[in-house]
Every structure is written in structure tokens, then in C-alpha cells.
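Reading through the C-alpha cells given below for one structure.
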Amino acid sequence: MVSKRLQNVPTSGTVKISNIVSQLKSEGADILSFSMGEPDFATPENIIDACVDSLRDQFTHYTPSLGIPELREAIAAKTRKENNIKCTSKNVLVTPTKHAIFMIALAYLDPGDEVLLADPSWVTYDACIRLAGAKPVYVPTSYEDEFTMTPEMMAEKVTDKTRMVFLNSPCNPTGTVMSRNDLKGIADLCMDHDLRVLSDEIYERIIYEGEHISIGSLDGMFDRTLTVSGLSKTYAMTGWRLGWLVAPESDIKEVNKLQTHSITCCASFTQPAAVEALTGPQGEIDRMVGEFRKRRDLMCDLIEDIPGLCCTKPKGAFYVFPRYDLDMSSEDFAAYLLKEAHVAVTPGSAFGPSGEGYLRLSYAASEEQIIEGMQRIKDAMSRL
Ligand SMILES: Cc1ncc(COP(=O)(O)O)c(C=O)c1O
């Protein structure tokens, strides 16, 4: 029997679909997948070269668990410049982004504590909160308001057990980008109720409209904000498992205790490559975001052309979250599309109760795949 803690947690809905898709593809099925949470671009060559150089130089042993000093410095410089967060390398812990979130939940939540988060939200927040014994408290958002979570909506859910707020802008799965005004209101709410914030900014560079604001840069917020981000999405480096936490030094010390007792440190030879990613040429990012924008527009146009499907135009990340007009659960609908259309999508219910009635489609796919995939969905829906 597994622990009660784990019994409470399902396997990640998104990883489950990816595993089924890999299995079907390996059996030769012609599956078009819109379920992946990673850019389909190559990691830029300059970053690969830096990694190969460090392997050749035998940079292959443990590093300090906080990360190599050059990388902590590069992350701090980037965070000061791009995120307007006043920090130094002492405020940085190098760690895979997902692991940062997991450690933060373990470090700051006790059984019975409550955490506010948008509904729908990325699948892993719910799991990490539950693994820490705490309770996710969803703030339902709506299609009509482009899935915006306002401070007023959050204030209604605050109780004397609320300890933390989890934010994610741009948002996976809805692509919503939080406005400065809403973030200011949320900052006030957090200061009034003494709440800590986890701000997941992993899609910070993949933004088409609006500006990226880090809540940790707002007046009075640095001391209560844990900002996480990483290289996975910006530099097409998901397999490298490299990200970071920026937080007050005392929090870095606490979370690092968990790092020393779990992964020890990130892989040594990836860290000089991460310095190259952050300090080397940045042109590839603009090219990638330009491509994503074209694909977003294409996918949204094609979705609007399918009877029974509609979507809001996401402002960031690389997902569309269409609503469907069918009397079918999103799990059943996704299973139908996989079986009948050989198209893999993620059921909206994987992202929280308000995700029911929606699908998540990643447009980290070629234009040809998007055109073919939307046609297959259209045909399969016309047969229902
Ligand atoms: C919102 C969000 N945060 C964090 C992560 C985790 O990133 P990484 O795979 O780099 O740990 C993901 C990955 O899909 C994500 O979508």
C-alpha cells in the first residue's frame, strides 16, 4: 500500500497522454499530437556547444547544491534586468522548475493549510499542494472573462487557513497573461492577509500581447514572493531539467535544505551551458515566438471554423483552450479524438473542475500538422 499522501494524487494527466501517444506511435499509428508541453524547436547550437565543452573538460562531478556561482550570477542579472526584481546571486537557487515547485510546497505548507490558485491551472500545482498535506482552493475563472483571476475573486476564497497563492502568468493551459492592475490588487491582498506567493513565470518570454510583470517586483512583495522560472520553454531545453528559484536569502537557505536531501544539485555540465543560454545571443527566442504566434493564429482560425468548438485567443504560452458544445466529458471526448481521429489532446478536466467542457491543444507543432489535425477533429466531430 502506498502512503495516504500519494493515494490522494493522480498521475499527471498530461504525462499520461504523452505516454499513450509514445506507445501508439511506437506501434506505427499515425498520431498527430497536440498534447505536448514543449517547444518542437531544437536547442540552439551555442548552448549545445557549451555543454559539450564542459563534458570534454570533465566538468562532470557534483556542483554546489545552490548551483555554480557563474550561473547564479547570470540568473540574478537576468532577473534584475528583465523582471525588475532587485536581487543578487544570493537570492538564486538553481533547480529544475518543477522540482522548485515541489520543494516550495513541502517547505511552506502544513496539513490543513489552504492555497489559492486559478481554476483551470497547470496539473502539478494541485498534486504538490496535496503531497504537502495542504488543500488546493480553486478560484473558478471563465471563458467569457478570458480566464482572468481577479483579486476580488480571490478575496472571496480567503479563510484563516489560507497560507499561499500560486500564480502562473502566462498561464498553462489558458494562455492568460495577468495585468499589472490585477497583480497589484493581488499583492495588496497578500500583504493584508500575510500570504506567501509562488509565481511561476516559466512562459515569461513566450508572450504575444500585453507585458510580463513579475509580482516579486511590486512594492513590498519581494519578501513574500518565490519566483520560479527556467530554460525549458524559452530555449527549447525541456530535457535539460534546468530552472531556478529567486527568493529572499532566508527562503533560499530553507529550500536548499530540501535540494541537498533530494537531487543534491543540477547536472554539472548543463550549468555552464545555461550561462551561455542566458548571456549568449538571444535571437532564437524572437524567431521561436514569431513562429508560435503564426501557429496560434492559424490554430485559432481553424478552431473557429469547426462547428461546436470555439476559443479565446491566448496572449501567451503555446496552448489553446477551446470550449466544446457536446454532452460528453472532456476525458471521453479526448479518448474519442485519439481513437477516431488519431489526434492527441489533453482533456480540460486535467486542469481543475472548471476545465470540464474544454480541451487543451498545444501548438508546438508544424503548420502542416495543425492544418491536418484540425481537419481530422472537424471530420470526427461531424460524425458525432
Ligand atoms: C506552468 C508550468 N510550470 C512549470 C513547468 C515545469 O517546467 P520544467 O519541465 O522545466 O520543470 C511546466 C511544464 O510544463 C509548466 O507548464
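Hydrogens, waters and symmetry mates are skipped; everything else that's a heavy atom, side chains included, is used. Counting starts at 1 for both ligands and their atoms, in listed order. In this text, all values refer to a predicted model and were calculated from it rather than measured experimentally.
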Inset, instruction - State whether the number of non-hydrogen atoms from other residues, nucleotides or ligands found under 6.0 Å of Asp325 atom CG is greater than 12. - result: no
Legend entry - Within 6.0 Å of CZ in Arg56, more than 12 heavy atoms from elsewhere: no
Legend entry - Connected hydrophobic set around Val165, excluding itself, where side chains approach under 4.5 Å: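 Leu116, Val137, Val139, Met149, Met153, Met154, Val158, Leu167, Met178, Leu183, Ile186, Leu189, Met191, Leu195, Val197, Ile213, Ile215, Leu218, Met221, all in the cluster of Val165.
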Inset, instruction - Classify the side-chain pair Thr95/Gln259 by whether it contains a donor and acceptor separated by less than 3.5 Å. - result: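 Yes, because at least one side-chain N or O of Thr95 sits under 3.5 Å from a partner of the opposite role on Gln259.
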Contacts table for residues 239-250: side-chain donor-acceptor under 3.5 angstrom, sequence neighbours left out:
{"residue": "Arg241", "atom": "NH1", "partner": "Thr238", "partner atom": "O", "Å": "3.0"}

Inset, instruction - Taking only heavy atoms of the protein into account, state which residues are under 4.0 angstrom from an atom of ligand 1, in chain and number order. - result: Thr97, Lys98, Trp122, Tyr125, Asn168, Asn172, Asp200, Ile202, Tyr203, Ser232, Lys233, Arg241
Inset, instruction - Go through the structure and list residues passing salt bridge (Lys or Arg N to Asp or Glu O under 4.0 Å) with Lys157, not counting sequence neighbours. - result: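 Salt bridge (Lys or Arg N to Asp or Glu O under 4.0 Å) check on Lys157 returns nothing, list empty.
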